Amino acid sequence: MMKNIIHSAFAPAAIGPYSQAVVANGLIYTSGQLPINPETGAFPAGIAEQTKQSLQNIKAILAEAGVGMDRIIKTTVFLSDMENFGAMNAVYATFFPEGDCPARSAVEVARLPKDALVEIEAIAVR
């Protein structure tokens, strides 16, 4: 198996011993993307803005791998509060054309790193 590490300067650097993404066997696996603005290192306020930032981070990582958001086949959305599902979903929908959305799981977790409201990971086809 051949494995390639992907790193984008337009997404936040890893805050631990992991890669932004790994390519293996034609698939791109992103690490969970917190809503960190790569320019400021800060989170935006609110679930809508945090969802948008997490997805923009994924978009930047995939661009570094040479593909777009249309190549995503599966996402997992981690929410600190399921009450935020509707607002997250509204922003999420703007990143994927209707009828061409990836498979998705959305789960509430007890806590996310740095007390983020959302974290999103993706699997894409290269």
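This chain uses plain numbering: 1 for the first residue, then up along the sequence. Given the structure is predicted, the values throughout are model-derived calculations rather than measurements. These values consider heavy atoms only, across backbone and side chains, with no hydrogens, waters or symmetry-generated copies.
In this structure, V22 is not a member of the same hydrophobic cluster as L34, with clusters built from ILVMFWY side-chain heavy atoms closer than 4.5 Å. In the hydrophobic clustering of this structure, I58 does not group with I36; members are Ile, Leu, Val, Met, Phe, Trp, Tyr whose side-chain heavy atoms approach within less than 4.5 Å, directly or through other members.
Separating the OG1 atom in T75 from the CG atom in L55 is a distance of 8.0 Å, to the nearest 0.5 Å.
Pairs engaging residues 77-107 under the ring pair (Phe, Tyr, Trp, His ring centres under 6.0 Å) rule: Y92-F96 [sequence neighbours left out]. Residue pairs meeting the side chain to side chain donor-acceptor pair (under 3.5 Å) criterion with at least one partner in residues 11-31, sequence neighbours excluded, are H7-Q20. Pairs of residues two or more places apart, or lying in two chains, that qualify as side chain to side chain donor-acceptor pair (under 3.5 Å) and include a residue from residues 39-53 are Q53-N57.
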Tell me which donor-acceptor pairs under 3.5 Å the side chains of residues 101-108 have, and how far apart each pair is, sequence neighbours excluded?
unit_1	atom_1	unit_2	atom_2	d
R104	NH1	N89	OD1	2.8
R104	NH2	N89	OD1	2.8
S105	OG	K74	NZ	3.0
E108	OE1	M82	N	2.7

Side chains of residues 112-126: which donor-acceptor partners sit under 3.5 Å, not counting sequence neighbours?
unit_1	atom_1	unit_2	atom_2	d
D115	OD1	R111	NE	2.6
D115	OD1	R111	NH2	3.2
D115	OD2	R111	NH2	3.2
R126	NE	A65	O	3.2
R126	NH2	A65	O	3.2

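Residues passing the side-chain hydrogen bond (donor to acceptor under 3.5 Å, both in side chains) test with Q33, sequence neighbours excluded: none.
Using a 4.5 Å heavy-atom threshold, the side chains of D81 and I47 count as separate. Taking 4.5 Å as the limit, some side-chain heavy atom of V77 sits within range of a side-chain heavy atom of M88.
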**Q.** Candidate pair V109 and L79, rule side-chain contact (heavy atoms from CB on, under 4.5 Å), full reasoning
**A.** CA-CA 6 Å; V109 295; L79 295 164; over 6 Å; no
Q) Would R71 and I28 count as a side-chain contact (heavy atoms from CB on, under 4.5 Å) if you check the C-alpha gap in whole Å, the side-chain angles of each, and the deciding distance to 0.1 Å? A) CA-CA 9 Å; R71 304 297 296 212; I28 304 163; over 6 Å; no
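Of all heavy-atom pairs between P38 and A11, the closest is CB-C, 3.7 Å.
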